[in-house]
There are 2 protein chains.
Amino acid sequence: MTKSLAEDIRERLESCTATERRAALALLANYPVLGLGTVAQFAAAAGVSSPTILRFAARMGFPTYAALQTRLRTELEDQLKSPLAKGPESPAEPGVLDFADIACANIGDTFRQLPNTELEAVVALLGDERRTLYLLGGRFTDALARYMAAHLRILRGRVVHVAGQEGNWRDYLVDMGRKDVLIVFDIRRYQSDLARLSVAAANLGVTIVLVTDSWLSPIASVATHVLPARVSVPSPWDSSAALMVIAETLIAGVTATDPERSKRRISMLEVYRDDDDPKRRSGRQGETTEEAPPDPQA
Amino acid sequence: MTKSLAEDIRERLESCTATERRAALALLANYPVLGLGTVAQFAAAAGVSSPTILRFAARMGFPTYAALQTRLRTELEDQLKSPLAKGPESPAEPGVLDFADIACANIGDTFRQLPNTELEAVVALLGDERRTLYLLGGRFTDALARYMAAHLRILRGRVVHVAGQEGNWRDYLVDMGRKDVLIVFDIRRYQSDLARLSVAAANLGVTIVLVTDSWLSPIASVATHVLPARVSVPSPWDSSAALMVIAETLIAGVTATDPERSKRRISMLEVYRDDDDPKRRSGRQGETTEEAPPDPQA
DNA sequence: GCAATTCTGTAATAAATGGAACAGGCGGCG
DNA sequence: CGCCGCCTGTTCCATTTATTACAGAATTGC
């Protein structure tokens, strides 16, 4: 699977018959779109008959025409998903710098596809203080659920992070109702336990917001709102950066829905924090001329 | 015909019903490949039924599903033919989009400032299995510490996430030694408790890696390695996206240092997971030949 | 130049697909 | 609380589609 089907075709072009070669060249000239339509269209564009297309597919090693199409589609999908589709340029070593660039591109792609209306709808949901918010994540994405919960808890009441083992999750279910919202983070490889809880919640009439990858977690089928993000990076792991930006966008949105409430609550809770290292103001010496970090919440 | 179908979909999304929206979002998340297969595949991927896909197509103004496919294909064809035909970069209102753009820019800036040598040094540190790794974060950044710990714990042994109240932290200190590493996430407003622990660890000879914002947490003065990130966004809150990408870069780096070990450990621990929703493979009906989300760890 | 063989298109078939009618279910309104 | 309307999924049918069998055409070898 490492080499493109196009290369494969070029190599095996010799072993083709005359008309099959016409089919092959037509496909290469219009790669891969021509192979995604019907056999008849392909045949017409190549100026040959339908069976020739089938025979061509067979010669390329595909038992069926549908198999060839699947191959083309997955190839195209990979190419479009991972912005690796850069030209053969990039003189710099593809080591560490690439990663950040691609993570950025992922975020850009993610938001280019996300309709604002969908984000706004979710923000409205999360800003409604009459609804209890439950947040839940998977093996890795649980960190995002925590992150988001930590912020939301400051902005409004009734925020619950569903933590612990699956066995305990059921306990949260008894409190969920029709007016409540469950925010689930689930990217591949999807966890069946998350799906189980989501389905149970859905049956209780809970509104479900799903933040997932572009292949869509199976939870999508019970979710009210689905926010898909790009996660592919040149690493065995997926990147949750785009998910985090989605979370932060939502947080920012909720903060902005009711600025008064946000301001009040933020400053109220400020008192209870022990942040803001006191040593910073008194103890330390010069600390150079670097300006102190301005408080963005001012 | 000048504007992409994707935009069209985003616009007319509001006039869609709930399940139709799911179909639309699935298509956008997997644009345009998902629309090039059969209706059944589309439906399965979106978690809805086939007729919903048809109705969705109809609502978008296509008399037939084939018409939608043709539209997608010609669009894709044009795009592939002229490399300049980049996405129209939707000039959407600067409300929500700004946030993502600026977060991206932050990541770019962050890595432009970060010397590769520093990253590599930290990667080498984290890859050394003789050292015990302690991870620690603040009010919000603790999520990142968890996220990173979850990954590192798979890649190597001796990974400890310092959790709980400050009082308990001291318990971790007794085990720390000269060979160990403490990774601290601390952005403004800096928490004095993190600083206290860090100073104590530093006195024990622990190597300290600090991931902070560009104003540098006071912990910087006791840290061996400092990785500063851009965090400012148009919101009362800071963005941890750049921190997350740093964390992921480190994780990817550690994974790559000893690929054999990584592969072995990942596949070993794989067995104990209950991820990978079985329904995805068997349960669902037709599912036809639709590829399951490829496992990036394969 | 002839014959055998391979190749290619036409025609028929069987499968799978898109599409339409139908009925249950959900939420909204009175 | 009950009725009504819309939405959604299931079932079925008609159509298109991929695929096979066959016969004609071309080509190569002798």
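Just so we're on the same page: letters track the sequence lines, and every chain starts at 1.
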Atom-pair distance (CD on B/Gln69; P on C/dG18), nearest Å: 7 Å
N/O (side chain, B/Thr17) to phosphate O (OP1/OP2, D/dC6) under 4.0 Å: no
Under-4.0 Å salt bridge between A/Arg131 and A/Asp180: no
Whole-Å distance separating the CZ atom of B/Arg55 from the P atom of C/dA21: 13 Å
Spacing of A/Arg22 atom CZ relative to C/dC7 atom P, expressed in whole Å: 15 Å
Interatomic distance where CG belongs to A/Leu54 and C1' belongs to C/dT8 [whole Å]: 13 Å
Shortest side-chain distance from B/Tyr65, nucleotide among D/dT8, D/dT17, C/dG18: C/dG18
Residue closer to the 5' end of DNA chain C, A/Gly205 versus B/Pro63 (nearest nucleotide): B/Pro63
Shortest side-chain distance from A/Pro51, nucleotide among C/dA20, D/dA18, C/dA11: C/dA11
Gap between atoms CG and P, on A/Leu36 and D/dA18 respectively (whole Å): 12 Å
A/Arg146 side chain vs A/Leu135 backbone, donor-acceptor pair below 3.5 Å: no
First encountered from the 5' end of DNA chain C, between A/Arg59 and B/Ala66: A/Arg59
Proximal nucleotide (of D/dT19, C/dT10, D/dT10) relative to the B/Ser49 side chain: D/dT10
Value in whole Å for how far the P atom of D/dA18 lies from CZ of A/Phe42: 12 Å
Parallel, tilted or perpendicular, as decided by the 30° and 60° cut-offs, for the rings of B/Trp237 and B/Phe140: perpendicular
Interatomic distance where CZ belongs to A/Phe56 and P belongs to D/dT19 [whole Å]: 14 Å
Salt bridge present between A/Asp213 and A/Arg230 (N-O < 4.0 angstrom): no
Any A/Ser50 side-chain nitrogen or oxygen under 4.0 Å from OP1 or OP2 of C/dG9: no
B/Thr19 side-chain N/O to D/dT8 phosphate OP1/OP2 under 4.0 Å: yes
Whole angstrom value for the distance that separates C1' of D/dA18 from CG of A/Leu68: 13 Å
Residues B/Arg71, B/Glu75: salt bridge by 4.0 Å N-O rule: yes
